[in-house]
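Everything on this sheet refers to the single structure shown next.
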Amino acid sequence: MLAKLILMPALFDSCPDRVSIYEVSPRDGLQNERAIVSLVDKLRLVDALVAAGLTRVEITSFVSPRWIPQLADADDVAKHARAPEGVTFSALCPNARGLERALAANIPEIAVFMSASETHNKRNVNHTITETLAALEETIGPARAAGLRVRGYVSTVWGCPYEGDVDPARAIALAGRLHEMGCYQVSLGDTIGAGTPRQTAEIVRRALDALPGDAIALHMHDTRGTALANIVVGLELGIRTFDASVGGMGGCPYAPGAAGNVATEDLTYLLHGMGIATGVDLARLIEAGRVASSIVGRALPGKVLTAGAKSLRA
Ligand code: HMG
Ligand code: MG
């Protein structure tokens with residue numbers, strides 16, 4: 001027993017001092033809201049997120065306005081949002097047409113995306129995975145040549161709303177392709193929030209075998225309440241970037257039944273409580289959550305937004 005205790009590494013020994021949060025509420029959040037939020041209110045949300053100390057914010061999406069009418073004003077959002085020194089705004093971008101719009105709006109970073117499962121890919125972007133890889137090849141290279149940073153997403157890594165189980169080897173191979181094509185970081189998406197910790201450990205270990213640790217992020221929707229548990233597994237195994245959405249807003253309109261991302265304030269509370277810095281001011285983040293809730297006109301599911309920032313231990 002004693003030998004076992006001595007040999008066993010302590011839990012959380014390999015946790016970092018600092019983690020990077022990539023905020024997606026103005027994009028993943030608002031794309032799935034019933035309400036069409038005005039340009040002014042979108043800019044208020046972005047300002048509130050920046051005021052809370054978030055330095056990486058996905059502010060909109062240059063997809064087809066016919067597919068995502070909620071973000072039809074993407075060009076205006078990107079033109080009017082103001083990033084102070086040290087803050088990087090990015091926007092989702094599906095193809096070369098999206099890149100043209102990103103360049104016109106002078107945004108410094110785009111995020112390309114595809115799914116690990118054929119059916120979700122087809123429903124989400126109207127093309128096969130092979131066709132999507134070709135479209136992304138035509139987007140990533142020219143974006144890099146124009147001086148943009150490019151991030152990537154692989155969706156449905158933990159499961160597909162149409163096909164069920166997804167082969168993790170196939171998902172990680174696609175993440176590797178996006179990295180080879182020029183994405184500085186690939187975010188692995190639990191699009192429908194179906195993942196559990198042991199599954200997460202398998203996916204993250206495979207990802208770390210294929211890509212450098214800082215080239216991997218986790219994007220966990222919280223449909224079944226397992227996002228934070230999966231994130232702790234990712235942290236322990238070496239992941240240092242996590243996507244999140246204030247208030248827990250979000251979801252892919254082409255993934256039926258998917259709820260929002262892990263709430264940024266819940267993630268921040270967890271990290272700070274573990275002694276891991278984020279650069280985010282939790283009280284101001286809760287303020288941003290209130291702005292989010294007021295502009296979409298409904299209560300949001302974020303738990304710390306409801307319970308408050310104060311730890312009972314403090
Ligand atoms: P399509 O209809 O097959 O496109 O859509 P097309 O290439 O045949 O073109 C049709 C028309 O759309 C043309 O216009 C194009 O110019 C226009 P027309 O000649 O008919 O007037 N078009 C565009 N317009 C504006 N911006 C563009 C653009 N591209 C073409 N970029 C397309 C293909 C990919 C555009 C469409 O399927 C689409 O926009 N899909 C996006 C769906 C989406 O945004 N889903 C949610 C985001 S993904 C997500 O949430 C998951 C994630 O969070 C990670 C996770 O959770 O796992 C990232
Ligand atoms: Mg998402």
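What you see is a predicted model; the values in this text were computed from it and never measured. Both counts, for ligands and for their atoms, begin at 1 and track the order of listing.
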Ligand 1 contact on [X] by region, counting heavy-atom pairs under 4.0 Å:
X      : result
Asn261 : neither
Asn95  : side chain
Ser61  : neither

Could you tell me the residue and atom name of the protein heavy atom closest to [atom], and the distance to it rounded to 0.1 Å?
atom                    : value
atom 58 (C) of ligand 1 : Arg27 NH2, 3.4 Å
atom 3 (O) of ligand 1  : Asn126 ND2, 2.8 Å
atom 25 (C) of ligand 1 : Arg101 NH1, 3.3 Å
atom 18 (P) of ligand 1 : Arg66 NH2, 5.0 Å
atom 45 (N) of ligand 1 : Asn124 OD1, 2.8 Å
atom 39 (O) of ligand 1 : Ser64 N, 2.8 Å
atom 32 (C) of ligand 1 : Val125 O, 4.2 Å
atom 23 (C) of ligand 1 : Arg97 CG, 3.7 Å

Enumerate the atoms of ligand 1 whose separation from the nearest heavy atom of [X] is less than 4.0 angstrom.
X      : result
His221 : 56 (O)
Ile68  : 43 (C), 44 (O), 45 (N)
Ser155 : 51 (C), 52 (C), 54 (C), 55 (C), 57 (O)
Phe113 : 48 (S)
His127 : 3 (O)
Pro65  : 25 (C)
Asp28  : 53 (O)

Exam field: side chain Asn95 to backbone Ala135, donor-acceptor pair closer than 3.5 Å: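 No, the answer is negative, given that no donor and acceptor are paired below the 3.5 Å cut-off.
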Donor-acceptor contact present, side-chain Asn230 to main-chain Gly195, <3.5 Å: yes
Ring-ring centroid check Tyr254 His120, cutoff 6.0 Å: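 That pair fails the under 6.0 Å test.
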Under a 4.0 Å N-O cut-off, is there an ion pair linking [X] with [Y]?
X      : Y      : answer
Arg56  : Glu109 : no
Lys122 : Glu118 : no
Arg284 : Glu287 : no
Asp214 : Arg240 : no
Lys42  : Asp47  : no

Atoms of the protein (N/O/S only) found under 2.8 Å from the Mg ion (ligand 2):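 Counting only protein N, O or S atoms under 2.8 Å from the Mg ion (ligand 2), the list reads Asp28 OD2, His219 NE2, His221 NE2.
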Criterion salt bridge (charged side-chain N to carboxylate O under 4.0 Å, His left out) on Glu202 and Arg198, from CA distance to verdict: CA-CA 6 Å; Glu202 186 195 347; Arg198 191 165 282 182; over 6 Å; no
Heavy-atom gap Gly251 to ligand 1 smaller than 4.0 Å: no
